[in-house]
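First the structure, in the form of structure tokens, and then the observations on it.
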2 protein chains.
Amino acid sequence: MKITEITRQALLDHATDVFAESGFDGASVREITRRATINLAAINYHFGGKEALYREVLRLAVDALSDASLLDEVTIDRVTREEAVRLFIRQQVMPLLKHGQISRYWRIFAWETLSPTPVYRDFIASEKLPILDQAEKIVRRFLPDGAARAEITVATIWLSNQATPFIRHYDTLSKPPLSLKIDKSFIEQLAADLSRMAIAGLNARGLLGPDSIECQVGGNESFRLSNVS
Amino acid sequence: MKITEITRQALLDHATDVFAESGFDGASVREITRRATINLAAINYHFGGKEALYREVLRLAVDALSDASLLDEVTIDRVTREEAVRLFIRQQVMPLLKHGQISRYWRIFAWETLSPTPVYRDFIASEKLPILDQAEKIVRRFLPDGAARAEITVATIWLSNQATPFIRHYDTLSKPPLSLKIDKSFIEQLAADLSRMAIAGLNARGLLGPDSIECQVGGNESFRLSNVS
DNA sequence: GTTTGTTTCAAACGACTGTTTGAATTTCAA
DNA sequence: TTGAAATTCAAACAGTCGTTTGAAACAAAC
């Protein structure tokens, strides 16, 4: 590997860290170069500036999230809609295990949803984010064909934000006072729970009547009955 | 009203705006005083610094959110758990109508969940936020008594984040290409939909089996049956 | 070994940050 | 009206921000 590529890579790696931690505005080029033990001017030399570096990180983020996706164009239509939700949730929750890899990208996007940078605006203007695209496709399979644009959008935002709070609240869970061990079994459980809640929520979508009726069936068994239009 | 109170109030008001837009770090005292057309040094004179001003805004935010709450200590236990969820969701969604009032406070908390300031850490260390408190109380009514701490926390985070994405994505909805009119009927519909999804999700929580079974009953009527443990 | 082009580096630039200062102004009671 | 306290104000402080600069160090080709 050429040495110029090494510094480029180190810069990108540490930039991803800092951008994920503090957002674009909160990140400083001095902090990035300090962590990478590379001279301050390297960012402008190799990328042309802070914005261009961030653009590159966003580019990598979108690609990585697409690569790590469990839902490509083919499978999303082949599996059941419930299975599609499960895969959709899992692909967002699983990265929490590998603390420093994909989850950094999710955090960067979390910053962007709160206050989009011009760089990000350009980005989504040119190409749709795979996650929103996937969410919308899944949502459409739960909503009736004639669903209004607004209705689809609301459900899409809802679905694509089922897992994100837990990416954001990673510290809340892992640090005191909760101090949960974010291991494989916890993540699996979380993914399963979130999927179940998301599916139930999407199924309940579009109902007009009361949400559900509890039905006593046997001795201590009860069923919850909900009308699907 | 004493004139010192007028400037204090103007400072607090514009500070709330700027903190909501850019977060604590992103906000600048010069921007705040510029909007309030008050001298730069006023913040330090009246509050003692940027941090102290922010602390005051947070204080007001918590109070306002408590006042605007539809769920006081009494009603939260008197209504059905489904109704509690509906009230919980409504109190978060309704402020979207009054663009510049309570919704600013929600945005400030949104910044804090992404990267908590020391001021905010001190704040939640001394007193629990009413929203999380309420969410946990509601969640407990859906979960079995013996539910684990982790399980409750996960469900609490989930419930308290059912409405927040829409507060965050207010611009996405109201501006092009969607350009939805965020009027009373839209908000009412949104609150109803979110409530239904949240209730369905909470009901589905804790299930171990398949999520639900679709049952054909009559000609074009079908029911969705899900077991409640 | 010399040359040419690439990459690093410390230093400095102007613009911005929160805060301080001391004088000018305003307020309000005596 | 006078005098002391409260409030405003422009200016400057030290620090950080992203970026630029020109020289130093390095690489590879002749």
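Chain letters run A, B, ... following the sequence lines, proteins first, then strands; residues in each count from 1. The structure displayed is predicted, hence computed values, not measured ones.
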**Request:** Please report, rounded to the nearest Å, how far the P atom of C:dA10 is from the CG atom of A:Asn39.
**Result:** 6 Å
**Prompt:** Quick one: do the A:Thr117 and A:Glu112 side chains pair a donor with an acceptor below 3.5 Å?
**Reply:** yes
**Request:** Before accepting this row, confirm whether a basic side-chain N of the pair B:Arg107/B:Glu21 lies closer than 4.0 Å to the acidic partner's carboxylate O.
**Result:** no
**Fill in**
5'-most contact on DNA chain D (nearest-nucleotide basis), A:Glu31 vs A:Ala41, goes to A:Glu31
**Asked** Hey, where does DNA chain C pair up into stems, meaning at least three consecutive Watson-Crick or G-U pairs with distances under 3.5 Å?
**Response** C:1-3 with D:28-30, C:5-27 with D:4-26
**Asked** In whole angstroms, how far is the P atom of D:dT16 from the CZ atom of A:Arg30?
**Response** 9 Å
**Request:** Could you check how far CG of A:Leu40 sits from C1' of C:dA11, rounded to whole Å?
**Result:** 11 Å
**Request:** Remember a base hit wins even if backbone is also touched, and classify B:Ala52 as base, sugar-phosphate or nothing at under 4.0 Å, heavy atoms.
**Result:** nothing
**Euclidean distance, atom NZ of residue A:Lys50 to atom P of D:dC17 [Å, nearest integer]** = 9 Å
**Message:** Can you tell me how far apart CZ (A:Phe123) and OH (A:Tyr54) are? Round to the nearest 0.5 Å.
**Reply:** 10.0 Å
**Message:** Checking the side chain of A:Glu136 only, and the main-chain atoms of A:Ile152 only, is there a donor and an acceptor separated by less than 3.5 Å?
**Reply:** no
**Request:** Check the distance between C:dT26's C1' and B:Ile38's CD1 and give it to me in whole angstrom.
**Result:** 15 Å
**Gap between atoms CG and P, on B:Asp25 and C:dC16 respectively (whole Å)** = 19 Å
**Request:** Just call it for B:Ile43: base, sugar-phosphate, or nothing, with non-hydrogen atoms closer than 4.0 Å on any strand.
**Result:** nothing
**Request:** Write down the distance between CG (B:Leu11) and P (C:dG18), rounded to a whole number of angstrom.
**Result:** 13 Å
**Asked** With the threshold set at 4.0 Å, does a side-chain nitrogen-carboxylate oxygen contact exist between B:Arg8 and B:Glu56?
**Response** yes
**Request:** Using the closest heavy atom to pick a nucleotide of DNA chain C for each, name whichever of A:His46 or B:Gly48 lands nearer the 5' end.
**Result:** A:His46
**Request:** Kindly check if the number of other-residue, nucleotide or ligand heavy atoms within 6.0 Å of CZ (B:Arg78) is above 12?
**Result:** no
**Request:** Round to a whole Å and report the spacing from CG of A:Asn44 to C1' of C:dA11.
**Result:** 15 Å
**Item:** salt bridge (charged side-chain N to carboxylate O under 4.0 Å, His left out) against B:Arg34, all qualifying residues, sequence neighbours excluded
**Value:** B:Glu31
